[in-house]
Amino acid sequence: RDTSVTGVQTCALPICGTPATLASDLDFPISIAVDSTKVYWGDPLTTEILWVPKAGGTPTPLFDEAAPWGLVIDQDWVYWADGDAIKKVAKTGGTPVTLVPALDTTLYLTTDGDHVYYTDEGTGEVARVAVGGGTPDRIASAQAFPQEIAVDSQNVYWHNRDSGTTMKAPLAGGEATPVVTNLASPAGIWVDQDMLYYASAGDIGMSNGRIMKVPTSGGTPSTIAQGQDMPWKLMTHQDRVYWINSGSGEGKGSLMSAPK
């Protein structure tokens, strides 16, 4: 990554020009979420969850003593994956609540507003827990190192890193079926209506990563972009796909966009 500017940045959609820096001189911002007024992020090195107004300003710590690798929000709460637990804290601050304790290795999560969905790399499980807490529901087990996860109104989707497979299963659990197979270095994943978008990171230094899409029902994947340098997180907005190329060396990262 480019350490000359380490911060949270934004740019206008749908076409990005010069990014506006919202916060700078950050240690290791790795997860991000946005609501109508604020940008939230997690920093595992400083063990903080922070926020800044969307227009920029001085970062405000929301909670310390966290290891927020994955972070999502809803109207009232910030949820994060702490590596070995799923936790939440009110957007107004206060005492955190542990939703799921004693996990093995959980770094990725998402929410549909009713449940928090997460993967556990160590146990190979995909599960969900109600946003208010309770006993988790197992969605799938014996998965091959499940990582990035996404959800729509019917299914949960996740990447199995070791098998190079993108899987899906009903929200309440059931048979897990492959959507994409033979995927090299699966990275980000995003669902938009009836289409699944994902990144294939490729090999370090080879610029052979791809941004792909496939119907959520399965079928032949289509290439949106190729020749990318380690693409990772991605999302859609209106008629475009946005993604981050983490790059194969210092100063080689980039923010990219292409039509869906």
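Sequence positions, counted from 1, serve as the residue numbers for this chain.
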Exam field: side chain N160 to backbone S163, donor-acceptor pair closer than 3.5 Å: no

Reported OG1-to-CG distance for the pair T165 and N182, which is rounded to 0.5 angstrom: 7.0 Å

Set of residues satisfying ring pair (Phe, Tyr, Trp, His ring centres under 6.0 Å) with respect to Y197, sequence neighbours excluded: none

Rounded distance [0.5 Å steps], CD1 in I189 versus CE in M167: 11.5 Å

Verify same cluster id: W69, V126 (apolar side-chain graph, 4.5 Å): yes

Where at least one partner belongs to residues 159-180, residue pairs that pass salt bridge (Lys or Arg N to Asp or Glu O under 4.0 Å), sequence neighbours excluded: none

Residues that D192 engages under salt bridge (charged side-chain N to carboxylate O under 4.0 Å, His left out), provided they are two or more places apart: K260

Ring pair (Phe, Tyr, Trp, His ring centres under 6.0 Å) partners for W158, two or more places apart: none

Approximate separation, where rounding is to 0.5 Å, of D152 CG and D112 CG: 9.5 Å

Residues V151, V191; criterion side chain to side chain contact (heavy atoms under 4.5 Å, CB included); working and verdict: CA-CA 7 Å; V151 65; V191 184; over 6 Å; no

Main-chain N/O of Q147 paired with H159 side-chain donor or acceptor, under 3.5 Å: no

Residue list, side chain to side chain contact (heavy atoms under 4.5 Å, CB included) with P170, at least two apart or on another chain: N155

Common cluster, Y157/L183, ILVMFWY with side-chain heavy-atom separation under 4.5 Å: yes

CG-CG distance between L99 and L109, expressed to the nearest 0.5 angstrom: 10.0 Å

Those residues that, when tested against P61, pass side chain to side chain contact (heavy atoms under 4.5 Å, CB included) (two or more places apart): E48, L50

All salt bridge (charged side-chain N to carboxylate O under 4.0 Å, His left out) counterparts of D137, not counting sequence neighbours: R128

Closest contact, heavy atoms only, A33 versus L71: CB-CD2, 3.6 Å

Listed once per pair and sorted, the side chain to side chain donor-acceptor pair (under 3.5 Å) pairs that draw on residues 88-107, sequence neighbours left out: D35-K91

V72 reachable from V129 in the ILVMFWY side-chain graph, under 4.5 Å edges: yes

Hydrophobic cluster identity match, L171 and Y108, side-chain contacts under 4.5 Å: yes

Minimum heavy-atom distance between M235 and W190, given as atom pair plus value: CA-CD2, 3.7 Å

Least distance between heavy atoms, I73 atom then T111 atom: O-CG2, 3.8 Å

Heavy-atom pair of closest approach, residues L234 and G188: CD2-C, 3.2 Å

Set of residues satisfying salt bridge (charged side-chain N to carboxylate O under 4.0 Å, His left out) with respect to E125, sequence neighbours excluded: R138

Stepwise side chain to side chain contact (heavy atoms under 4.5 Å, CB included) test for V116 and V131: CA-CA 6 Å; V116 175; V131 294; 4.1 Å; yes

Whether W80 and F63 hold their rings parallel, tilted or perpendicular, with breakpoints at 30° and 60°: tilted

Whether T110 side chain and Y117 backbone form a donor-acceptor pair below 3.5 Å: no

Contacts of type side chain to side chain contact (heavy atoms under 4.5 Å, CB included), residue A225, not counting sequence neighbours: I211, Q228, W243

Side chain proximity check, T47 to D64, heavy atoms < 4.5 angstrom: yes

Nearest heavy-atom neighbours spanning G124 and P146: CA-CD, 3.7 Å

Cluster overlap M195 with M212, hydrophobic side-chain contacts below 4.5 Å: no

Qualifying salt bridge (Lys or Arg N to Asp or Glu O under 4.0 Å) pairs with a residue from residues 72-86, counting only residues at least two apart or across chains: D82-K87

Considering all heavy atoms, the nearest P231-A199 contact: O-CB, 4.0 Å

Qualifying side chain to side chain donor-acceptor pair (under 3.5 Å) pairs, either residue in residues 208-226, two or more places apart: D203-N208, R210-T223, R210-Q226

